[in-house]
Amino acid sequence: MAAVSLVRCERGFARDAAPDWMRQELRTGTTIMAVEFDGGVVIGADSRTTTGAYIANRVTDKLTPIHERIFCCRSGSAADTQAISDAVTYQLGFHSIELDEPPLVQTAANLFREMCYRYREELMAGIIVAGWDKRRGGQVYTVPVGGMLTRQPVSVGGSGSSYIYGYVDSNYRAHMSKEECLQFTAQGGHGVCVRACVRMCACACVCVCVRALKCVLLCPALSLAMERDGSSGGVVRLAVISEHGVERRVVAGNQLPSFSAI
Amino acid sequence: MNEATQYNLKLERLGYHQFRTMERHPTNYLCKGVSTGTTILAVKFNGGVIIGSDSRASVGGSYVSSKVINKLIQIHDKIFCCIAGSLADAQAVTKMAKFQLSFHSIQMDSPPLVKAAASVLKELCYSNREDLEAGFITAGWDKKRGPQVYTVSMGGMLLSQPFTIGGSGSTYIYGYVDAKYKPDMSREECLQFATNALALAIGRDNVSGGVAHLVVITEGGVEHVVVPGEKLPKFHDE
């Protein structure tokens, strides 16, 4: 992450000397999203970090690894979310060594929630925790501002998320059949059942799934949000987390689906 | 000062603006949408327009003062408008606009153009922009340009668009309408599109609700379609 040193101007004559973006806090006004499927989760985020009207980093990575198969998507104040995820990464690493096995996603989510709730007055952080563990498979937990914790099959967050609630509600369907998914992968194309293939079949390429899911839900949803929200933009970063590991992808701006009717 | 007020003041101090219906906010992580509790939209299709809204009027987001109000106001035979913002301001403006438009129509001895209706609203909104808090979506059919949709924003900007959405519930369906709109839809497709959009917005916005009022305006006339709450399409409800 680019380190931006903010010159904090006290109220007074010096205040107007510094430009607006130097006085603003660094924010990941953003769009983040996570979807569960049978073998794991897919997470995605845009890549814009702003200080006021200035884009401090246009290629931010908002998908932060907390553990080998647990990631978090960060939104809100960049400083707050970085500090929280550093702390949770440390705590989770320690916990995992004590247990001598990979930690549960629920544990990670609870650690986030503990911190976000305890310090809710000082913090401004909306986090989606997603990952895979042996006990419950792919899981998505959302910890919005305030420190609530809830598990959802699909979750969106950040400033851009409000624009895509309708789209996600209408396009997401749980428990796609394995046949639909196989048909989709066999045809190898975007054609049929764009809504299918949220369910991944056994070990059929994680990469096919990313490709499939790119067209299914995340890419269109994220690019719709990026088109409407001024604080979201740049590239789309995706990650698929499953039993077999983590695969990361970047979809550049010119490869994103475009929806400009007007 | 009671607890609720203290808490609200604390939030304000920390920078979280209260969601007051009459205020404009900068686009803030917590505050989505500007102004009134409603969802309104208007969409052009092949041969006509559909203008639609929900039917909830609420006070402060916690009390529903009416479950069945009709926010679609007929300002001329084939021209409707729906309101975003203060109900009082909107009623005053539309009353004035109706009068001016009917007078204009008599003078011209022909039905007014949709653009004329939108311009009348725009003039009223712009010249009184300091005092008013109302924006409009105007849609209708006229002989010169066929079906049209205009949006008059709160400050008095006039814009012609193939479709437009407004109100607090509209933020949740920007993605959906961007993805699903196609030009030159058929009447049935458009009706489905508008109903779906309203249903999705009602599903996410707590100050939008009730029934979906839709008005289909074509050369042949005007048709009201009311979709009661339980008949609205259901989407994946977690």
Side-chain angles (χ1 to χ4, degrees), chain A residues 25 27-31 33 50 52-53 75-77 120-126 144-146 150-175 194-195 220-232 257-262, chain B residues 7 10-11 13-16 25-34 39 41 43-44 149 151 159-165 168-185 192-205 208 232-238:
Chain A
E25 192 190 350
R27 291 219 156 181
T28 50
T30 189
T31 314
M33 190 163 167
T50 52
S75 72
S77 153
R120 65 191 182 284
E121 308 291 327
E122 289 93 350
L123 292 174
M124 169 79 149
V145 172
T150 185
R151 182 182 171 186
Q152 292 178 313
V154 60
S155 182
V156 294
S159 58
S161 68
S162 13
Y163 303 110
I164 51 172
Y165 275 112
Y167 181 80
V168 171
D169 281 346
S170 65
N171 276 53
Y172 173 73
R173 266 167 38 216
H175 307 304
V194 172
R195 285 174 217 155
L222 288 169
S223 62
L224 284 164
M226 281 155 63
E227 269 177 30
R228 284 289 181 179
D229 182 29
S231 319
S232 302
S258 134
F259 300 89
S260 349
I262 46 169
Chain B
Y7 183 67
K10 182 157 72 156
L11 285 180
R13 249 186 288 126
L14 290 170
Y16 304 158
H25 313 276
T27 306
N28 177 297
Y29 178 49
L30 285 185
C31 296
K32 293 151 186 151
V34 182
T39 310
L41 49 74
V43 195
K44 231 190 323 192
V149 170
T151 163
L159 204 57
S160 168
Q161 293 178 307
F163 73 91
T164 186
I165 56 180
S168 62
S170 68
T171 48
Y172 305 108
I173 49 174
Y174 271 107
Y176 179 79
V177 299
D178 279 345
K180 285 289 191 274
Y181 173 77
K182 12 187 242 293
D184 287 327
M185 289 188 271
Q192 190 61 50
F193 170 75
T195 316
N196 286 350
L198 283 171
L200 286 164
I202 287 171
R204 285 289 180 179
D205 185 25
S208 296
L232 282 174
K234 290 199 178 11
F235 296 92
H236 174 81
D237 274 323
E238 304 169 43

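All values below come from the heavy atoms of this structure, side chains included, with hydrogens, waters and symmetry mates left out.
- Atoms CZ and CG, on B:Phe235 and A:Asn171 in that order, are 9.0 Å from each other to the nearest 0.5 Å.
- In this structure, CG on B:Asp178 lies 4.0 Å from CZ on A:Arg228, to the nearest 0.5 angstrom.
- The six-membered or imidazole ring of A:Tyr167 lies away from that of B:Tyr176, with a centre-to-centre distance of 6.0 Å or more.
- Both the backbone and the side chain of B:Ala179 come within less than 4.5 Å of a heavy atom of chain A.
- Residues B:Arg204 and A:Val168 form no side-chain contact, since every pair of their non-hydrogen atoms from C-beta on lies 4.5 Å or further apart.
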